[in-house]
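Notes follow once the structure below has been shown.
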Amino acid sequence: MQSCAVLNRKFIFKKEYIYSLLLIASIIFGIDTFLEDLLGFQTFYISYLLEFFCILFYVVSHKIGKSTFNYKIKIIIAFYIIPIIYSFLIFFVHKVEFNYYSRAISTTLWTIIGVLSAYFFVKELGAKAVNLFFCTCCVLYLLFVIYTVIDYGIIETIKELVTFNFNDSEIFSLLERHQLIFCFSLFFVYYLFKNKTRGRFTKILISLFFLFIGFKRIVFIGLILVILLKLIFLLFRYRKDRIILGLTLSIFSIVVGFLFVYMIKSGVLEELLSIYNIDSMSRMKMYNEMGDTYYFGLNFLGNGRGFTTRYFDTNLSLQNQNAGALHSDILTLYIDLGFLGSFIYSLYFLFLIPYFISRKFKEDFTLLFALAVYTYFLYFTDNTLTYNFYIILFYMIYFVPKQQVRKLLRC
């Protein structure tokens, strides 16, 4: 019996070791072309393969039953499945080609693989999964910084950083690693909302340091809003009042999102950018190119999930702009799911998921809501809707049990 217990502990240790290696390798292969730049080929497919292997390894090494998938993962998976069903109805009515169905499935499938891998990483590693993610990101970004300093010199690098020389700066282009920067912003939000925990301020400072080096203006504006949100929540002592505030802010955010779409379609946004001489970084060209695919109105039903990304693949003008995506998830959701569809999708993401998870598991509603609101803010000008590791980290934080948070911050 004693020997069996020893063997069991060894197997548990080996499993933890395997999951840790899978997570680290997945990040290295998939985040911000770290290995792609060195090896000269796309390595993110290897990252997806490692995430799939994580899921497969868990399924093979465990007895799958009702307890395998808890309420958290079920409500989140449903969040991605429902738009697919809706999209299929749109495709059926419009009698579109099979490619539209396959694109809708593939667009969602990659995301679900990320969500499930995040779930199983946390299920096996617990709070250590988030800490391991943080440490891996720190090491990777330090390598980017070292590479930049070696290539351009420490004096030139510091000079451009302190002068905020964004225009035509190769140094800022090297350091502006999108997924890493977005992940560090999630770490900042996470630790900001966790009070009276050891190691919290150190990780906030580290996150801020890397956020400063990889300066993304939308991130800093978003984090300022998050800080204001935390201060507002402090004014409301009772959970019921915070829930009402969360619902109010969710609806307000969605209304602002619709206003953003209207301003794009009507040309108001382009006019304002021109008046104030604001560079949209070619975003307006892409937005205008999508103009014929939608209209603004309550009766706009959308074109189906994955339509926008497929349009990018087939539109020669967009290909000539080297645009991989629309750079506005708000507009993407509206074009794909329509007025009512994008409203339900946004409300589900902003309010319903944080509300039901916090109620069922006694989690901190303010943290879950802040993460959702911050992510929704990024949707206005970026593609975080499909950033694999942003999604994984986002849901890792959702999946970490409340009782393990203190342990996490002590690691």
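Atom set for the values below is all heavy atoms of this structure, side chains included, hydrogens, waters and symmetry mates excluded. Nothing fancy with the numbering, it's 1 onward along the sequence.
No donor-acceptor contact under 3.5 angstrom links the side chains of Arg283 and Ser328, judged on distance only. Between the side chains of Asn388 and Gln179, not a single donor N or O lies within less than 3.5 Å of an accepting N or O. Side-chain contact, Asn288 with Lys265: no donor N or O sits under 3.5 Å from an acceptor N or O. Checking Ser47 against Ser26 by side-chain atom types alone, a donor-acceptor pair falls below 3.5 Å.
With a 6.0 Å radius and a threshold of 12 heavy atoms from other residues, nucleotides or ligands, Tyr262 has its OH atom at or below the threshold. For Tyr295, the OH atom is densely surrounded, since the number of other residues' heavy atoms within 6.0 Å is greater than 12. Within 6.0 Å of OH in Tyr71 there are more than 12 heavy atoms belonging to other residues, nucleotides or ligands. The number of heavy atoms from other shown groups lying within 6.0 Å of CZ (Phe361) is above 12.
Looking at every heavy atom in both residues, Cys183 comes nearest to Leu393 through O-CD2, 3.5 Å. Between Tyr334 and Phe300, the shortest heavy-atom distance links the atoms O-CE2, 3.2 Å.
The CG atom of Asp329 sits 10.0 Å away from the NE2 atom of His327 when rounded to the nearest 0.5 Å.
Residues passing the side-chain hydrogen bond (donor to acceptor under 3.5 Å, both in side chains) test with Lys72 are Glu363, sequence neighbours excluded. Glu270 meets the salt bridge (Lys or Arg N to Asp or Glu O under 4.0 Å) test with no other residue; sequence neighbours excluded. Glu124 is linked by a side-chain contact (heavy atoms from CB on, under 4.5 Å) to Lys15, Tyr19, Tyr58, His62, counting only residues two or more places apart in sequence or in another chain. Residues meeting the ring pair (Phe, Tyr, Trp, His ring centres under 6.0 Å) test with Tyr101, sequence neighbours left out: Phe88, Phe91.
For the pair Ile77 and Leu116, the minimum side-chain heavy-atom distance is below 4.5 Å. Taking the side chain as every heavy atom from C-beta outward, Phe187 and Val130 approach each other to under 4.5 Å.
Among residues at least two apart or in separate chains, there is no salt bridge (charged side-chain N to carboxylate O under 4.0 Å, His left out) pair with a member in residues 240-249. Every pair passing salt bridge (charged side-chain N to carboxylate O under 4.0 Å, His left out) that includes a residue from residues 331-341 is listed here, sequence neighbours excluded: Arg305-Asp336.
Using the six-membered ring where Trp is involved, Phe369 and Phe365 have ring planes that are parallel, under 30° apart on the 30 and 60° scheme. In this pair, Phe349 and Phe79 present their aromatic rings parallel. The plane angle is below 30°, not in the 30 to 60° band.
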